[in-house]
Undergrad: 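First the structure, then my questions, so here it is.
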Amino acid sequence: MTTLVLLAILAALGYAAFYLIGCAIFPFGRCRRRRCEGGRVYSRANRKVFRECRRCEGTGKRVRIGRRVYEYLRGEREAGNR
């Protein structure tokens, strides 16, 4: 039983480490808004460009959550060292 718990903890830590490395290398992900393709929102009926996406501001990308956490912790550390 103890080895299963230890194995589960190690697997979770390994996943978190790979996620943080991925966030450091690739800080941006796709925009999560539905119908947003490349920063433009398309209409449902005729697939014409309706407007630029407000969520991603027309870039088609968003900052990943892990990168936001990393930037917050880095800012806190820098503020504490002053």
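For clarity, every value in this text was computed on a predicted model and none was experimentally measured.
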Undergrad: Test of understanding: with side chain to side chain contact (heavy atoms under 4.5 Å, CB included), list the residues that count as partners of C23, not counting sequence neighbours.
TA: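 For C23 the side chain to side chain contact (heavy atoms under 4.5 Å, CB included) partners, ignoring immediate neighbours, are Y19, R64.
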Undergrad: Test of understanding: clusters of I, L, V, M, F, W, Y form through side-chain heavy atoms closer than 4.5 Å, transitively. Do Y15 and F18 belong to the same one?
TA: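 Result: no, two separate clusters.
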Undergrad: Does V63 sit in a hydrophobic cluster with other residues, and if so which ones, taking ILVMFWY side chains as linked at heavy-atom separations under 4.5 Å, directly or through other members?
TA: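 Members alongside V63: F28.
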Undergrad: Just to verify, what does L7 make a side chain to side chain contact (heavy atoms under 4.5 Å, CB included) with, not counting sequence neighbours?
TA: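 In terms of side chain to side chain contact (heavy atoms under 4.5 Å, CB included), with neighbours along the sequence ignored, L7 is linked to no residue.
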Undergrad: Tell me every residue that passes salt bridge (Lys or Arg N to Asp or Glu O under 4.0 Å) with R74, counting only those two or more places apart in sequence or in another chain.
TA: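 For R74 the salt bridge (Lys or Arg N to Asp or Glu O under 4.0 Å) partners, ignoring immediate neighbours, are E71.
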Undergrad: Just verifying a value: how many Å separate L20 CG and R67 CZ, rounded to the nearest 0.5 Å?
TA: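 Those atoms lie 11.0 Å apart.
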Undergrad: Could you work out the complete set of other residues in the hydrophobic cluster of L10, with links drawn between I, L, V, M, F, W and Y side chains under 4.5 Å apart?
TA: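 Its cluster mates, by chain and number, are L6.
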Undergrad: Transitive ILVMFWY cluster of F26 at side-chain heavy atoms under 4.5 Å: who else is in it?
TA: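 Besides F26, the hydrophobic cluster comprises I21, I25, listed by chain and residue number.
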